[in-house]
Amino acid sequence: MGNAPITVGLRTDKSSCSAGSKATGRVYVSVSKESQPVQALMLKIVGAEHVLVHHTTSHSDRHNDRRHRNHSHSHTEDHYERAESTFLQLEYPLHTFPRGQLAPGQYEYPFEIQLPYNLPSSMICRDGQSYCDVKYELTATLQKTNSGIFSPNPSAQQEV
């Protein structure tokens, strides 16, 4: 976490989630020096699936050479089909800071997110070079009032 004036940490209570379950845990914020200008602490959950299918095709080539001999040559080609899809993206304000400042100290914000009942469960399946997974990732972001390219909003991520 280094010398950053604000750091954010995230811990979930469970390592996976399923349809209709609740994602619970805590977001930790540490302000090391002077008060920091902040607007809100946001919590986002993203659900995505990733698929890679590997299959092969074999080809045989027959030809005659000058001496009238038959030769055959075969080779196998690898093919890969990929797909990705984001099927869930929800963002919640976990805490707002009406005064626009966060004083030095350690803060803890518990959370509980009810997941929709029509979601697939977290999973991963592998067979050779092919795989399919469904993953959920939580991101806690502390939105600063003066964020920019050289001063991004501090955040933490965790897969659930």
Side-chain angles (χ1 to χ4, degrees), residues 1-57 78-160:
M1 295 193 175
N3 295 325
I6 303 176
T7 55
V8 175
L10 174 63
R11 190 190 85 224
T12 57
D13 295 331
K14 292 190 238 176
S15 61
S16 65
C17 56
S18 59
S21 69
K22 292 181 179 180
T24 59
R26 300 185 182 287
V27 175
Y28 302 95
V29 177
S30 176
V31 179
S32 61
K33 297 181 181 175
E34 66 274 351
S35 292
Q36 296 295 311
V38 295
Q39 295 175 340
L41 180 58
M42 302 298 290
L43 191 62
K44 179 167 65 171
I45 185 164
V46 175
E49 65 178 343
H50 305 89
V51 178
L52 173 72
V53 177
H54 170 253
H55 61 96
T56 59
T57 55
D78 289 307
H79 304 278
Y80 297 91
E81 308 297 331
R82 291 179 175 85
E84 294 183 14
S85 175
T86 299
F87 55 84
L88 176 70
Q89 192 163 342
L90 302 172
E91 190 167 25
Y92 301 94
L94 187 56
H95 188 81
T96 57
F97 302 92
R99 295 183 184 165
Q101 292 288 315
L102 189 57
Q106 307 291 319
Y107 301 89
E108 182 176 311
Y109 301 94
F111 66 84
E112 178 179 282
I113 298 174
Q114 177 71 48
L115 298 175
Y117 287 93
N118 61 343
L119 295 178
S121 296
S122 300
M123 58 80 71
I124 187 165
C125 180
R126 291 191 181 276
D127 184 18
Q129 294 182 42
S130 299
Y131 73 87
C132 173
D133 66 28
V134 174
K135 294 182 180 181
Y136 295 88
E137 186 174 79
L138 277 171
T139 303
T141 303
L142 188 61
Q143 295 178 334
K144 301 188 313 182
T145 54
N146 61 351
S147 65
I149 192 166
F150 296 110
S151 179
N153 291 321
S155 65
Q157 295 178 324
Q158 184 172 343
E159 195 174 297
V160 292

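Atom set for the values below is all heavy atoms of this structure, side chains included, hydrogens, waters and symmetry mates excluded. For reference, positions follow the sequence shown, starting with 1.
Inter-residue side-chain proximity for T7 and Y28 is flagged as unmet; no heavy-atom pair is nearer than 4.5 Å. For the pair N118 and F87, the minimum side-chain heavy-atom distance is 4.5 Å or more. Residues T145 and F97 have side chains not in contact (no heavy-atom distance under 4.5 Å, counting atoms from C-beta outward). Inter-residue side-chain proximity for K33 and P5 is flagged as unmet; no heavy-atom pair is nearer than 4.5 Å. Inter-residue side-chain proximity for Y107 and L102 is flagged as met; some heavy-atom pair is nearer than 4.5 Å. Residues P37 and K144 are not in side-chain contact: their nearest non-hydrogen atoms beyond the backbone lie 4.5 Å or more apart.
With hydrogens and angles ignored, the 3.5 Å screen pairs a side-chain donor or acceptor of T12 with a backbone N or O of K14. Side chain of S130 to backbone of H54: a donor-acceptor contact under 3.5 angstrom is found.
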Margin query: Show, in sequence, the C-alpha distance, side-chain angles and deciding distance for L115 and Y136, and conclude whether the side-chain contact (heavy atoms from CB on, under 4.5 Å) test is met.
Written below: CA-CA 11 Å; L115 298 175; Y136 295 88; 5.5 Å; no

Check: Going through the checks in order, is the side-chain contact (heavy atoms from CB on, under 4.5 Å) test met by T86 and V46?
Finding: CA-CA 7 Å; T86 299; V46 175; 3.8 Å; yes

Check: Given V29 and V38, is the side-chain contact (heavy atoms from CB on, under 4.5 Å) satisfied, shown in steps?
Finding: CA-CA 12 Å; V29 177; V38 295; over 6 Å; no

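Rounding to the nearest 0.5 Å places CD of Q36 at 8.0 Å from CD of Q101. Here H55 contributes atom NE2 and E81 contributes atom CD; the two are 4.5 Å apart, rounded to the nearest 0.5 Å. Between I45 atom CD1 and E137 atom CD the span is 10.0 Å, to the nearest 0.5 Å. In this structure, I113 CD1 and L43 CG are separated by 4.0 Å, a value rounded to the nearest 0.5 Å. If you take CD on Q39 and OG1 on T96, they are separated by 10.5 Å, rounding to the nearest 0.5 Å. To the nearest 0.5 Å, the span separating CG on D133 from CZ on R126 amounts to 7.5 Å.
Applying the 6.0 Å contact sphere to OH of Y117 captures no more than 12 heavy atoms from other residues, nucleotides or ligands. At most 12 heavy atoms of other shown residues, nucleotides or ligands fall within 6.0 angstrom of atom CG in D127.
In terms of heavy atoms, A103 sits closest to S35 at CA-OG, 3.5 Å. Contact detail for Q114 and Y92: the closest heavy-atom pair is O-OH, 4.3 Å. Nearest heavy-atom pair across R26 and F111 is N-CE2, 3.3 Å. Contact between P120 and V134 at its shortest, heavy atoms only, is CG-CG1, 4.0 Å. In terms of heavy atoms, A4 sits closest to S32 at O-OG, 3.5 Å. Looking at every heavy atom in both residues, L52 comes nearest to Q129 through CD2-O, 3.3 Å.
No donor-acceptor contact under 3.5 angstrom links the side chains of E112 and T24, judged on distance only.
When the options V8, I6, T141 are evaluated for a side-chain contact (heavy atoms from CB on, under 4.5 Å) with N153, the one that passes is T141.
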